[in-house]
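Written out below as C-alpha cells is the structure these notes cover.
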Amino acid sequence: MQLPRYIAHRGLSAHAPENTLAAIQAASDASCEWVELDVQCLGDGTPVIWHDASVDRCSNGKGALINMTRNDIRPLDVGSWFSQDFRGERMALLDEALSLVSALGLGLNLELKINTGHDPAALARVAVHRARQVLPLDQLLVSSFDMSALETARAEDEALALGLLYEAVPRRWASDAERLRPTSVHADWTQLDQERLIEIQAAELAMLCYTVNEPERFSSWWDHGVTGVFTDDPGLFDTRYQRRTRGDGSRKPR
Ligand code: G3P
Ligand code: MG
C-alpha cells in the first residue's frame, strides 16, 4: 500500500466542520489524496462519522451517541458551530461517507472510535464489512486505539490494512504487531520516541503521526523516517494543496 505524506485529519477540518461530507469534499477540492475519519455506532447500531461520545461540541443538539438513533441525529445541524457557511450540514452516515470517498477517488483511514460503553467488536464488524463493499484494499486503512477492535477487524478480513493507533508508542507495540499484522503504526507526534521509530522502521512498517499542524516544529522528524502525517490542513506543509480561509464559502456544491 502506498501511503501518502499528508492525510486530511477528520476531512479538511481546518476549513470545514470535522468528520462531515463537506470536510471530505473540501479535502478533495484542496487536492488531498487521503482523509482520516472517525466512525462509531449510535445506540441503534447505525455507524456514523463522528469523533466525540456526545453531539454537544459539534452540533446544535445535546446527548450521548449511545442513547441516540438514526432518527434522533438526522435533524441535527452539525455545520453551524463551525461557520454559517455550513449551516444545515447533517451528520454523515458511514455509508454516505464511503460513497463520497469512493466517488472522489480518495484513500480512507477509517478510525474505529471506541468511546466508553460502545462495543468494539460490533463496530469493527459493521465498519469493515461496509467499507470493504465500497473501497478497494489499497485505498482503505483501518486503525484504532482499541486492540480488540483491530482483532475483530483482522478476523473479518485477512488482507485488510490495519494501523496500530497509540498516544505514545508502548514497548508492547511489537507484540501487538505480531498478533495483528499491521501496515502502519500511528502515534501522537508530540510523544514520538526515536528508539521506537527505529524499531518500527526495522519491522518495515509505516509510521504515521497525528495531529501535525506545526510544520516547522515537526520538520526534523521527516529526517528520522516518518512516513506521513495527519493534519487539519495539508496546505500548511505544501503549496500543492490549496489553502483556504476558514469559513470563506469556497466549497463547491456537491
Ligand atoms: O487517527 C489519528 C487521530 O485521529 C487520532 O486521534 O482523537 O483525532 O481521533 P483523534
Ligand atoms: Mg481520529
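For the single chain, residues carry numbers from 1 onward in sequence order. We count ligands from 1, going down the list as the structure has it; atoms in each ligand are counted the same way.
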(message) Tell me whether Leu112 shares a hydrophobic cluster with Leu94, the cluster being built from Ile, Leu, Val, Met, Phe, Trp, Tyr side chains joined at under 4.5 Å.
(response) yes
(request) Looking only at protein heavy atoms, identify the closest one to atom 4 (O) of ligand 1 and say how far it is in Å. (result) Glu36 OE2, 2.7 Å
(message) Between ligand 1 and Glu111, is the shortest N or O to N or O distance under 3.5 Å?
(response) yes
(message) If you define the side chain from C-beta out and look only at heavy atoms, does anything of Cys209 sit under 4.5 Å from Phe218?
(response) yes
(request) Please confirm whether Thr211 comes within less than 3.5 Å of ligand 1 when only nitrogen or oxygen atoms on both sides are compared. (result) no
(request) Considering the heavy atoms of Arg10, write down every atom of ligand 1 situated less than 4.0 Å from one of them. (result) 7 (O), 8 (O), 10 (P)
(request) Sort out for me which residue in Glu18, Gln40, Glu111 forms a side-chain contact (heavy atoms from CB on, under 4.5 Å) with His51. (result) Glu18
(request) Would you list the protein N, O or S atoms within less than 2.8 Å of the Mg ion (ligand 2), leaving out water? (result) Glu36 OE2, Asp38 OD1, Glu111 OE1
(request) Indicate yes or no: does Arg130 engage Asp95 in a salt bridge with an N to O separation below 4.0 Å. (result) yes
(request) To the nearest 0.5 Å, tell me how far Leu197 CG sits from His224 NE2. (result) 8.0 Å
(request) Give yes or no for whether the N/O distance cutoff of 3.5 Å, strictly under, is met between His51 and ligand 1. (result) yes
(request) State the atoms of ligand 1, each with its element, that fall below the 4.0 Å cut-off from a heavy-atom position in Lys113. (result) 7 (O), 9 (O), 10 (P)
(request) Go through the steps to decide whether Asp233 and Thr231 satisfy the test side chain to side chain donor-acceptor pair (under 3.5 Å), and finish with yes or no. (result) CA-CA 5 Å; Asp233 187 359; Thr231 173; over 6 Å; no
(request) Please state whether His186 comes within less than 4.0 angstrom of ligand 1, counting heavy atoms only. (result) no
(message) With respect to Asn109, determine whether any N or O atom, backbone or side chain, lies less than 3.5 Å from an N or O atom of ligand 1.
(response) no
(message) Tell me whether Arg196 is salt-bridged to Glu199, with the criterion being a basic N under 4.0 Å from an acidic carboxylate O.
(response) yes
(message) Salt bridge check, Arg74 against Glu96: does any charged N sit closer than 4.0 Å to a carboxylate O?
(response) yes
(request) Examine Arg5 relative to Trp222 and say whether NZ or CZ is less than 6.0 Å from the centre of the six-membered ring and inside a 45° cone about the ring axis. (result) yes
(request) Please tell me if the side chains of Leu65 and Asn115 come closer than 4.5 Å, counting only heavy atoms from C-beta onward. (result) no
